[in-house]
Structures are given as C-alpha cells and as structure tokens.
Amino acid sequence: MMSPNRVSEDRGNPPHNFRQTPLQIIHILANFMRIWSIYSMYRYIQQTGASVVLFLFACLAPASILFLILQKPWRGRPLSNTQVVPSIINGGITALYLVLWGKGLKSCGPARAILAEYSGAVLGVLSAVLYGRRAHMWKKCCKLNKNLPWEDRDSSESQTEPVLGLKLMLIPIIAGILSALRRVIARRVSIKVNQLKRRLHALTIASATCFMFPIAMWDMIIGSSSESDNNKKLPFSAWAFFSTVLFGNIVIFYADSIAEERLHMVFSSPRHLAAASACIIIMENLYKMDFSLAGFTICCLILGFGIHEATSLELNRKDSIQNSDSSIREFDDPIQMSPLPT
C-alpha cells in the first residue's frame, strides 16, 4: 500500500506540471518564430544578394533601441564598473558572433548554421570542463601531429573538397563558441538577478551595435561600389526585417530567460535542441530546401548525446569542486578536542 505522503506528492505534481505547460508552449512558439525569421532572412539574402552583415546591423540597431526603452538601464540601482565593463566587452563578442554567424548562414544554409551554433555551445562547455585538467594531453597531440605525414595528405586531390567543406562549417561553429561565451559572461555578471540581467543585456546589445557599425559601413562601401557597376537596386522585405528584429532579437531573449528561470532549461540542453530540431524540420519542408530527414535525425541524435554528456561532465565537475571545497574547509577548521579532566 502507498503511504499518504506519497499520495499527496503524486497529487501535487500534476498542477505543477500544468503550470509549466503554458511556459513550454510559449518557449516553443518563440523558437519557431525565431527560426522562421532566420529562414526568411536567408531566402531574402539568397534572392537579392544583399549583404548579410549590413542586414544584421540594420536589424540590430532598432532592437538595441527597443531594449534600451524597455529596460532603461540608467534607472534604478546604479551599475558598477565590474558589471558595465564586462557587458561592453560582451557586446564586442556578440558583434563578432553575429558577423561569423551571418557568414555561416549565407554559405552553409539555415539548418547547418543553427545546428553548428548548438555544436559550438557543446564545444564551449567541454573546453570549460577539460581546461586545466587535461592540458598535458594537448602536448601529446602536438607531438603526434609532428609525426603524421601531412604533406602526402595535402598533395592528394581527393581530400580537397572535404577540407573546403570543413572550412565553411568552421565559421558557424566558431560563432557557436562565441555565442556560448557571451551567454556565460552574461550569466556570471548578472549573478542570477533577473532584472539586472535584462538591464545588462540592453547594454550588451547597444555595445554590439556600436562595435558592428564600422564593419557594416565598410561592407556597405564595398557593396555600393559593386552595385554601381551593375546599377542594381535591392528590394526591401518587410517580413524578413521585422521578424528578425522582433522574433530574432527581442522575443527570443525573453523566452529564453523565462525558460532558464522557470523551466530550468538553458540553450545548451537536449530539450532546447529537440524543440529547435522540430521547428527546423517544419521550415525545411515549407521552404522546400534540399533536406534529408534521416540524415538530419542522425545528426540531431548525435548532437543531443554530446550535449547530454557535456552537461553531465559539467555537473560532475561542479560536484567535485564543491566536495573539495568542503573537505578543505573541514581540514582548515580547528580540531575540537574534549577538555582534559581536572
């Protein structure tokens, strides 16, 4: 027979899950709209040949203004330099991430760019786990690389095309690592205070806009010189622009914040990948892309397994650090001995 405490716990769980269901639906819809904006932006860039860096800057500038209006970082408790300076540096990392991610989107397509962002996040988690513990393994790898016949491999013509494909895929993967880095910095600076995290995010996006401005202007100068030779005017897509501003920048930030605070679901998690994968399958079929469902499913399963193993390694590392800290504290405490009898 079941104990009455167990029955009360079982009765208490469904309302808690029912309260989380609307938040899960909101998060899935926000991810779906964000991925839809990515596909619309990709279709617009492919059809018109517009600069992806200039388009992302044109979408980031109004998004930064809206973030500043909504969050008002100049009001409330004044921010310290230890919070403002990392947020500005994080803006530079965000600008570099957007540039690389846009280049990867244009060269590799939306599905590969999105999955490479998740794989970059996994590499970021693994690098944080393995750094400092297995640094000596890199020395062994370097010694082994010196003994490998690299000249024979480079001279073969059959290896030329895979290397070029790998170079193209490295761009969104590096962008994914930068995306994981900017998320880690934002989480460390805000110290898990929700309102403070949103105010600092507004500063980060404004800083990213400033860092991205010279890159976009340089890209516009180069593009305008090439367009003057062709005398070609680019059309404007309202849906691609407004969906990227609204869903690709603003809505997805608040949806991910709610998922992290209420659902305890971060970006580098298997559930987040599953939701994004379902949205990608729908968009690939709607836009009639060159898509293989079996291959995409295998890639998602491998990537999900990697995310699960990486997060489990990170949790084990945190537990070991906590256990070592507790043992050090116990060792530092003075040994309490019973007083001698008088």
Side-chain angles (χ1 to χ4, degrees), residues 24 27-39 41-42 52 56 90 93-94 96-130 165-187 244 247-249 251-253 255-260 263-284 289 291-315:
Q24 293 175 355
H27 184 255
I28 292 173
L29 289 177
N31 276 275
F32 177 78
M33 298 304 295
R34 185 240 178 184
I35 293 175
W36 190 2
S37 67
I38 292 173
Y39 275 84
M41 177 176 63
Y42 176 76
V52 62
L56 288 174
N90 201 12
I93 297 174
T94 303
L96 183 59
Y97 149 71
L98 288 174
V99 172
L100 293 177
W101 183 83
K103 297 291 185 181
L105 174 66
K106 189 174 182 179
S107 60
C108 300
R112 296 183 182 92
I114 296 171
L115 290 183
E117 191 174 6
Y118 283 94
S119 63
V122 175
L123 291 177
V125 173
L126 288 176
S127 63
V129 172
L130 300 179
L166 180 61
K167 289 180 179 179
L168 291 176
M169 284 301 299
L170 280 178
I171 297 176
I173 290 175
I174 295 173
I177 296 174
L178 292 176
S179 176
L181 178 61
R182 70 186 182 91
R183 293 175 188 273
V184 170
I185 293 175
R187 193 178 297 115
T244 306
F247 300 110
N249 289 283
V251 175
I252 192 62
F253 168 72
D256 284 341
S257 298
I258 292 173
E260 187 174 353
L263 303 177
H264 304 287
M265 181 172 60
V266 296
F267 180 80
S268 57
S269 63
R271 288 190 297 169
H272 203 290
L273 176 64
S277 301
C279 299
I280 290 173
I281 292 173
I282 296 173
M283 287 292 105
E284 288 284 330
M289 307 288 287
F291 179 70
S292 174
L293 182 60
F296 180 78
T297 305
I298 293 173
C299 291
C300 290
L301 290 176
I302 295 173
L303 188 56
F305 178 76
I307 290 174
H308 176 72
E309 293 297 323
T311 51
S312 63
L313 283 175
E314 186 179 11
L315 291 176

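Only heavy atoms go into these numbers, but all of them, side chains included; no hydrogens, no water, no symmetry mates.
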**Request:** Looking only at non-hydrogen atoms, find the nearest pair between L56 and L98 and report the distance.
**Result:** CD1-O, 3.3 Å
**Message:** Can you tell me how far apart CD1 (I35) and CD (E284) are? Round to the nearest 0.5 Å.
**Reply:** 10.0 Å
**Message:** Restricting to non-hydrogen atoms, name the atom on H272 and the atom on M265 that form the minimum distance, rounded to 0.1 Å.
**Reply:** N-SD, 3.8 Å
**Item:** Sub-4.5 Å side-chain heavy-atom contact between L181 and I177
**Value:** no
**Prompt:** Say you draw a straight line from CG of L293 to CD1 of I298; how long is it, rounded to the nearest 0.5 Å?
**Reply:** 10.0 Å
Give the table of side-chain donor-acceptor pairs shorter than 3.5 Å for residues 101-113, with sequence neighbours excluded, one pair per line with atom names and distance.
from, atom 1, to, atom 2, distance (Å)
S107, OG, K103, O, 3.0
S107, OG, G104, O, 3.4
R112, NH1, C108, O, 3.0

**Prompt:** In Å and rounded to the nearest 0.5 Å, what is the CZ to OG distance from R182 to S179?
**Reply:** 4.0 Å
**Prompt:** Given the rule in the side chain to side chain contact (heavy atoms under 4.5 Å, CB included) test, do L178 and T94 qualify, once you have shown the distances and angles that lead to the verdict?
**Reply:** CA-CA 7 Å; L178 292 176; T94 303; over 6 Å; no
**Approximate separation, where rounding is to 0.5 Å, of F253 CZ and I258 CD1** = 10.0 Å
**Item:** Side chain to side chain, V99 and V52, heavy atoms closer than 4.5 Å
**Value:** no
**Asked** Yes or no on side chain to side chain contact (heavy atoms under 4.5 Å, CB included) for I282 and W36, after CA distance, side-chain angles and deciding distance?
**Response** CA-CA 9 Å; I282 296 173; W36 190 2; over 6 Å; no
**Message:** Which heavy atom of Y118 sits nearest to which heavy atom of F267, and what is that distance?
**Reply:** CE2-O, 3.5 Å
**Request:** Please assess M283 against I114 for the test side chain to side chain contact (heavy atoms under 4.5 Å, CB included), listing each intermediate value before the final yes or no.
**Result:** CA-CA 12 Å; M283 287 292 105; I114 296 171; over 6 Å; no
**Request:** Would you list the pairs meeting salt bridge (charged side-chain N to carboxylate O under 4.0 Å, His left out) in which at least one residue belongs to residues 168-178, sequence neighbours left out?
**Result:** none
**Prompt:** Rounded to the nearest 0.5 Å, how far apart are CD1 of I280 and OH of Y39?
**Reply:** 5.5 Å
**Fill in**
The side-chain hydrogen bond (donor to acceptor under 3.5 Å, both in side chains) partners of N31 (sequence neighbours excluded) come to H27
**Asked** When rounded to the nearest 0.5 angstrom, what is the spacing between CG in L303 and OG in S277?
**Response** 7.5 Å
